Amino acid sequence: MDKLIITAALTGAEVTREQQAALPITPEEIGRAADECCQAGASIVHVHARNADGSPTQDKEVYRQIMAAVRARCDVIVQVSTGGAVGMTPAERLAPVTLAPEMATLSMGSVNFGDDVFMNHPADMAVFLQAMQEHGVKPELEIFDAGMLSTAHRWLKKGLLTGPLHFDFVLGIPGGMAGTPEALMYLKAQVPEGASWTVAGIGAAQLPLGALAIVLGGHVRVGFEDNVYYRKGELASSNAQLVARIARISRELDRPVATPDEARALLGLPRRH
Ligand code: KMH
Ligand code: ZN
């Protein structure tokens with residue numbers, strides 16, 4: 001089995017300081033959180049930008065500041081969000097890709113997102129993918145529901161997507177696939193040859209699906225974007241606390257944790273810094 005790649009989803013677009021007092025919001029806070037997570041075992045940070053008032057933004061300048069704040073502290077792989085927040089325009093969401101980060105997310109279809117709709121029109125997805133290819137950015141394919149994995153297969157067959165592919169199964173969003181072992185096993189069985197995958201369990205699904213992914217040879221995403229609790233009724237003290245637990249479990253299961261450079265090698269990312 002490959003070493004474990006841990007992604008820390010530090011901030012997200014929806015979580016508030018009222019829900020999680022340690023949520024990193026400013027570029028400096030995100031830079032510090034990224035460094036702590038890297039030291040705890042994360043090799044990728046998935047980042048979303050916020051305005052000073054905490055509201056979500058896809059402003060390129062804020063992402064530039066975040067990337068600089070992270071880079072000043074550590075060598076972790078920065079993965080920007082192109083999901084942004086529900087209701088943002090595709091052009092708005094695409095902005096950080098033009099900064100040529102090492103990775104960016106690419107949602108593979110539309111999904112109900114609680115009481116909202118997270119819209120991903122195929123024509124917009126194609127534009128996102130083309131921009132990533134132009135800027136040398138590796139997409140992480142976000143899979144919220146099974147049909148999105150079928151789309152990835154179709155795009156692979158058509159030559160729009162080229163391997164090695166890397167998937168993120170986001171399980172437990174109200175409206176998407178459930179955060180259950182059965183859902184993960186169903187998706188895992190359909191991963192194309194040579195592709196890698198990670199799982200982002202939402203809420204209480206984060207820990208059990210992370211543990212399952214370690215055993216199954218997948219990778220794991222944790223962090224406040226997906227879950228603000230350490231255990232039922234107890235808030236996590238930091239993103240790094242969630243990363244450290246997954247790293248600990250993986251080492252106990254005899255699966256070493258990848259450094260950022262080891263993760264680059266596993267994902268086929270050129271070393272750029
Ligand atoms: N905030 C969600 C609507 C991504 O980062 O690519 C979408 C999201 C996905 O977070
Ligand atoms: Zn995200």
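For ligands, and for the atoms within them, numbers begin at 1 and follow the listed sequence. What you see is a predicted model, and the numbers here were worked out from it, not measured in a lab.
With the Zn ion (ligand 2) at the apex, His48 NE2 and Glu225 OE2 define an angle of roughly 100° (rounded to 10 degrees).
Remark: minimum distance from atom 9 (C) of ligand 1 to any protein heavy atom is reached at Gly83 CA, 3.9 Å. Of all protein heavy atoms, the one lying nearest to atom 10 (O) of ligand 1 is Glu225 OE2, 3.0 Å. Protein heavy atom in closest approach to atom 7 (C) of ligand 1: Phe118 CZ, 3.6 Å. When only non-hydrogen protein atoms are considered, atom 2 (C) of ligand 1 lies nearest to Glu14 OE2, 3.4 Å.
Phe224 approaches Ser237 most closely through the heavy-atom pair CZ-C, 4.4 Å.
Ion pairing of Asp261 with Arg264 is present here, as a side-chain N (NZ or NE/NH1/NH2) and a carboxylate O approach within less than 4.0 Å. Salt bridge status for Arg73 with Glu36: absent, with no side-chain N to carboxylate O gap under 4.0 Å.
Close approach of ligand 1 to Ser81 (heavy-atom distance below 4.0 Å) involves ligand atoms 4 (C), 5 (O), 6 (O). Ligand-side atoms of ligand 1 in range of Thr105: 4 (C), 5 (O), 6 (O), range being under 4.0 angstrom from any heavy atom.
Contact check for Met108 versus Phe167: no side-chain heavy atoms found under the 4.5 Å cut-off.
Side chains of Gln58 and Tyr63: a donor on one and an acceptor on the other come within 3.5 Å. Side-chain contact, Ser55 with Asp53: a donor N or O sits under 3.5 Å from an acceptor N or O.
Between Glu142 and ligand 1, no pair of N/O atoms sits closer than 3.5 Å. Residue Ser107 has no nitrogen or oxygen atom sitting less than 3.5 Å from a nitrogen or oxygen atom of ligand 1, judged on distance alone. Considering backbone and side-chain atoms together, Gly84 places an N or O closer than 3.5 Å to an N or O of ligand 1.
The backbone N or O of Ile214 lies less than 3.5 Å from a partner atom in the side chain of Arg255, making a donor-acceptor pair.
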